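Below is one structure; the comments refer to it alone.
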Amino acid sequence: MIDQSKFVEEALNEYHRLPEEGDSLYIRRFAPLGLDIDKYGSGRSDGKEDKVRKFYEELRENTGMSFDATVWESGCIVKDGNPAIRLVKFGDNEYGKAISNKLFRSGDDKYVAMLHATAKQALVIDIKDGMSADLKVLFAVVGGSLPMQVFVNLGKNARLGLFEWHASDCAKPCFSGTVRELRLQEGAACDISVLHNENANTTVLEHTKGTTSEGGSSTINFIYTGGNAVRARNSIEASGRESMVRVGELAISSKRQKFDLNTYVVNAAGGSEARLSSAAVAMQESTCYLKGFAVITNGSKDARSFVEEKGLLLDGMAKINSIPSMSIGENAVKATHSSAIGPIDQDSMFYLTSRGISAETAKRLMVLGFFSGPISGIRSGLVKEVVSSVISGKIRSNGEFGELPKLNAENVIWEGSREAGIEQHYKYRTEK
Amino acid sequence: MKLEIKDLYAGIDGKAIIKGANLSMKEGEVHVIMGPNGSGKTTLAKTIFGYPSVKVTQGDVLVDGKSILGLTTDKRAALGLFLGFQYPVEIEGVGFVNFLRASKEAVSQSQANMKELMKDIKVWSGELKMDDSIIGRALNKGLSGGEKKKAEILQMILQRPKIAILDEPDSGLDIDAIKVVAENINKAIEETGVGMLVITHYNRILSYMHPQHVHIMVNGKIVADGSKELIEKLEKEGYESFDHR
């Protein structure tokens with residue numbers, strides 16, 4: 001049984017230890033996103049179940065994907081009473097607000113404070129020792145705002161495949177916020193993909209904290225495509241010996257979207273490996289900040305840490321800022337970082353179009369190609385297909401986002417797949 | 001299809017490179033352009049395809065009597081033109097098969113039959129003595145210079161153009177590979193009747209081919225036209241004898 005109070009307290013304490021958050025230079029340069037929490041609703045949205053059902057059905061029809069749980073502002077449906085998932089309601093006792101008032105001080109991160117203060121429910125995914133589950137969860141904001149806490153606990157040698165689809169259909173300003181804690185015991189492994197495809201009235205707040213015990217492995221891919229602004233503060237730690245953390249960030253911004261992605265990968269034990277791979281494509285007047293931070297703590301001998309950030313600008317108005325950083329507290333480690341941003345290569349465009357491919361399709365192919373690394377890291381073929389379709393749809397529609405996509409990941413084969421994989425891919429697509 | 005280059009002048013960044021080039025060829029014909037380094041051969045090929053930084057200042061490029069200079073690169077290819085690159089570009093993450101599929105669908109304006117495409121790739125990559133691991137790769141990624149050239153020929157065969165311009169299909173190839181590439185070019189000509197404009201520095205690949213027309217390009221101009229005998233003259237006298245600047 002999870003101790004909610006302890007969970008929140010630990011999460012927030014950990015959050016405050018992240019060194020950049022209180023830094024005045026950071027706040028001056030990167031923190032302002034123009035968010036005004038006062039304009040958002042309280043998170044209450046009763047009587048929206050019919051709308052959610054419609055949303056769900058449309059999504060299932062378009063993609064063939066069914067969800068094990070659907071969560072919205074004031075409720076949750078779990079398919080067939082899946083024992084691995086349950087919803088904890090905080091009720092009306094302002095539990096979250098009390099916690100946040102206690103922990104947050106003036107000048108601290110008010111957005112995460114807001115998530116805690118307004119959260120009324122938490123989704124708990126609990127996989128017992130040696131067990132495994134493959135789950136898909138839909139988070140739908142259909143009118144109000146969704147401040148959500150997700151707690152994932154994997155017992156020893158447990159396995160979890162999790163796909164979260166965050167969508168919204170808000171006519172007024174709202175937020176889709178998630179505070180997520182991942183706790184992996186010895187030998188446990190998770191493979192999590194989080195897709196944010198909210199509409200233009202939605203501000204996305206993402207805050208994930210994870211720990212991976214000895215011999216465990218956490219693979220998490222965040223895919224940011226929707227929302228008028230995305231503010232992500234994530235910290236994933238390889239906590240135990242020989243544990244491994246792989247975080248992928250994939251962002252495609254358009255219109256006037258502002259993405260501010262700050263992710264820490266932490267080596268906190270000997271022989272651990274932490275890897276952050278961020279890829280952003282920006283178009284029109286959008287802005288994307290990639291702020292990967294690798295931390296190797298004192299005593300983490302033979303740790304391996306990699307931070308890679310790359311950006312592709314589709315036109316002259318868009319901006320990508322890449323700021324990879326490292327803090328290394330141990331000598332006997334291997335740590336590398338890289339960063340590269342550039343426009344679409346003219347020669348590549350010429351090569352593709354010289355084969356009769358239109359400039360629009362060529363651009364789409366190159367964007368999907370650019371993302372092929374992070375997409376390859378997603379284990380589920382269907383999730384790959386969905387993610388590729390959302391990206392492809394965004395390019396095809398000249399930057400529109402938040403629509404429920406149809407599967408249409410044309411021309412996509414992920415690098416490294418061999419003949420068998422290709423035939424299987426097309427077989428799958430034909431059967432669809 | 002008839003391709004005509006008429007009194008063409010073109011340059012890059014204000015520097016004139018093509019200075020009054022003329023050439024005419026039809027589907028089914030095999031032409032060769034030979035010339036020293038920097039004579040404008042590659043720029044001529046890029047001009048035909050509308051490379052963005054090449055600016056045409058005078059003259060025209062016509063397909064079946066109509067100017068193609070106002071068309072985008074993809075539209076030129078859709079007419080049935082193909083360009084085999086001297087330095088094929090590596091493109092991260094774009095699968096070779098998907099690229100072929102997109103290209104086939106764009107040119108034919110119809111849905112590609114994946115089964116047939118895969119079969120064709122297997123057959124022709126075998127003919128070209130290529131490692132079939134190319135199938136699972138990103139476009140040209142990690143291929144040796146020779147493999148890239150073979151991949152260009154493979155693309156040409158699968159795309160079935162009416163006229164193909166091959167920019168130095170022999171550079172970077174060993175002796176055996178040159179023979180394999182030439183044989184497959186010949187096979188494509190024989191089976192599909194494609195017209196071929198081969199740009200090269202060297203005689204070696206031509207010893208396996210049967211060009212009907214040879215053009216010598218020096219300083220941005222076609223300075224001599226003739227048959228295969230012109231190559232023998234070139235072998236004996238070098239490019240200098242054609243340079244009358």
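Lettering follows sequence order; numbering is per chain, from 1. Given the structure is predicted, the values throughout are model-derived calculations rather than measurements. Hydrogens, waters and symmetry mates are skipped; everything else that's a heavy atom, side chains included, is used.
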Do any pairs count as a ring-ring contact (aromatic ring centres under 6.0 Å, His included) and have a residue in residues 116-167 of chain B, sequence neighbours left out, and if so which ones? none
Within 6.0 Å of NZ in A/K255, more than 12 heavy atoms from elsewhere: yes
If you count the non-hydrogen atoms of other residues, nucleotides and ligands that lie under 6.0 Å from CZ in A/R304, is the total more than 12? yes
What distance separates [X] [atom1] from [Y] [atom2], expressed to the nearest 0.5 Å?
{"X": "A/S354", "Y": "B/R76", "atom1": "OG", "atom2": "CZ", "answer": "11.5 Å"}
{"X": "A/Y351", "Y": "B/E90", "atom1": "OH", "atom2": "CD", "answer": "10.5 Å"}
{"X": "A/S372", "Y": "B/I91", "atom1": "OG", "atom2": "CD1", "answer": "12.0 Å"}
{"X": "B/L100", "Y": "A/I357", "atom1": "CG", "atom2": "CD1", "answer": "8.5 Å"}
{"X": "A/T361", "Y": "B/E105", "atom1": "OG1", "atom2": "CD", "answer": "9.5 Å"}

Side-chain heavy atoms of B/N98 within contact of A/L368, under 4.5 Å: no
So what's closer than 4.5 Å to chain A heavy atoms on B/P161: side chain, backbone, both or neither? neither
Go through the atoms of B/L79 and report whether side chain, backbone, both or neither lie under 4.5 Å from a heavy atom of chain A. neither
Please rank A/R355, A/Q346, A/M349 by heavy-atom pairs under 4.5 Å with chain B and give me the top one. A/R355
Compare every heavy atom of [Y] with every heavy atom of [X], then report the nearest pair and how far apart it is.
{"X": "B/A106", "Y": "A/G356", "value": "CB-O, 3.0 Å"}
{"X": "B/P52", "Y": "A/F350", "value": "CD-CD1, 4.2 Å"}
{"X": "B/A102", "Y": "A/L365", "value": "CB-CD1, 4.2 Å"}

Side chain from CB out, backbone as N, CA, C, O: work out which of these in A/F370 comes under 4.5 Å of a heavy atom of chain B, or both, or neither. backbone
Give the C-alpha distance, both sets of side-chain angles, the deciding distance and a yes or no for side chain to side chain contact (heavy atoms under 4.5 Å, CB included) between B/V89 and A/D345. CA-CA 10 Å; B/V89 183; A/D345 178 48; 4.2 Å; yes
We want to know whether A/D347 and B/Y87 form a side-chain donor-acceptor pair, criterion being a heavy-atom distance below 3.5 angstrom. no
